[in-house]
Novice: 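Have a look at this one.
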Amino acid sequence: MTKYTIFKIVSVALIFAFLVGICVIEDRLVITSLEKVNDFCYEIETAAEKNNGILNEEVALLVDNLDDSWKKNESSLCFLVNHKSIEPLGVEIIKLKTYIDQNEEVEFFVSLELIKSYVESFQHFMGANFHNIL
């Protein structure tokens, strides 16, 4: 083997390792961001049931935390996917705040279910899997 051949093999191996590393980082970022949203949704549901409604400080605080967490993670996710693709989730989070202010429980829980649905669908098209590679 010549030095040139060894250099080519090492270069290809390094490029491959770099690409695998990027894919792993992307997958972890997507999974942790979406899991946080899902966890907040279940915490909000539990708090609303425990406090007999959505008009209380605990639910409002959890929705604010969800909004802050999503805004922080959304900016990172926008490097991976088109912002328009994930925008509906942010819109639903804003609606949660409005529904709390107007004490509209039915719409609040519908919006919460929509957020969970968006999370599930985003995991399918944003996550690293064999189907997305093809």
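What you are looking at is a predicted structure, and each value in this text was computed from that prediction instead of being measured.
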Novice: So, using side-chain hydrogen bond (donor to acceptor under 3.5 Å, both in side chains) as the criterion, who are the partners of Lys50 when residues are at least two apart?
Specialist: Glu58
Novice: In the hydrophobic clustering that connects Ile, Leu, Val, Met, Phe, Trp and Tyr at side-chain heavy-atom distances below 4.5 Å, which members other than Val20 occupy its cluster, ordered by chain and number?
Specialist: Phe16, Val24
Novice: Rounded to the nearest 0.5 Å, how far apart are CG of Asp67 and CD of Glu74?
Specialist: 9.5 Å
Novice: Keeping to residues at least two apart or across chains, list the side-chain hydrogen bond (donor to acceptor under 3.5 Å, both in side chains) pairs with something in residues 107-120.
Specialist: Glu45-Lys116, Glu92-Ser111, Glu113-Lys116
Novice: Identify, with sequence neighbours excluded, every residue that meets salt bridge (Lys or Arg N to Asp or Glu O under 4.0 Å) alongside Asp64.
Specialist: Lys97
Novice: Among residues two or more places apart or on two chains, list those pairs meeting side-chain hydrogen bond (donor to acceptor under 3.5 Å, both in side chains) that have a residue in residues 3-22.
Specialist: Thr2-Thr5
Novice: Apply the hydrophobic cluster definition, ILVMFWY joined by side-chain contacts under 4.5 Å directly or through others, and give me every member besides Val12.
Specialist: none
Novice: Tell me, which pairs form a side-chain hydrogen bond (donor to acceptor under 3.5 Å, both in side chains) where one or both residues lie in residues 32-43, sequence neighbours left out?
Specialist: none
Novice: How long is the span from the CG atom in Leu66 to the CD1 atom in Ile115, to the nearest 0.5 Å?
Specialist: 5.5 Å
Novice: Please find the pair of heavy atoms, one from Leu34 and one from Val119, that lie closest to each other, and give the distance.
Specialist: O-CG1, 3.6 Å
Novice: Evaluate Ser69 against Asn73 for side-chain contact (heavy atoms from CB on, under 4.5 Å), listing each step before the verdict.
Specialist: CA-CA 6 Å; Ser69 174; Asn73 291 323; 3.5 Å; yes
Novice: Once you round to the nearest 0.5 Å, how far does CZ of Phe108 lie from CG of Asp101?
Specialist: 11.0 Å
Novice: With sequence neighbours excluded, tell me which residues meet side-chain contact (heavy atoms from CB on, under 4.5 Å) with Ile15.
Specialist: Leu19
Novice: At what distance, to the nearest 0.5 angstrom, does CG of Leu112 lie from CD of Glu105?
Specialist: 12.0 Å
Novice: What's the spacing between Phe40 CZ and Asp68 CG if we round to 0.5 Å?
Specialist: 8.5 Å
Novice: Is any side-chain heavy atom of Leu114 closer than 4.5 Å to one of Phe109?
Specialist: no
Novice: If I take atom CD1 from residue Ile100 and atom NZ from residue Lys95, how far apart are they, to the nearest 0.5 angstrom?
Specialist: 14.5 Å
Novice: Which heavy-atom pair separates Ala48 from Ile54 by the least distance, and what is that distance?
Specialist: CB-CG2, 4.2 Å
Novice: Could you pull out all residues at least two apart from Asn52 that satisfy side-chain contact (heavy atoms from CB on, under 4.5 Å)?
Specialist: none
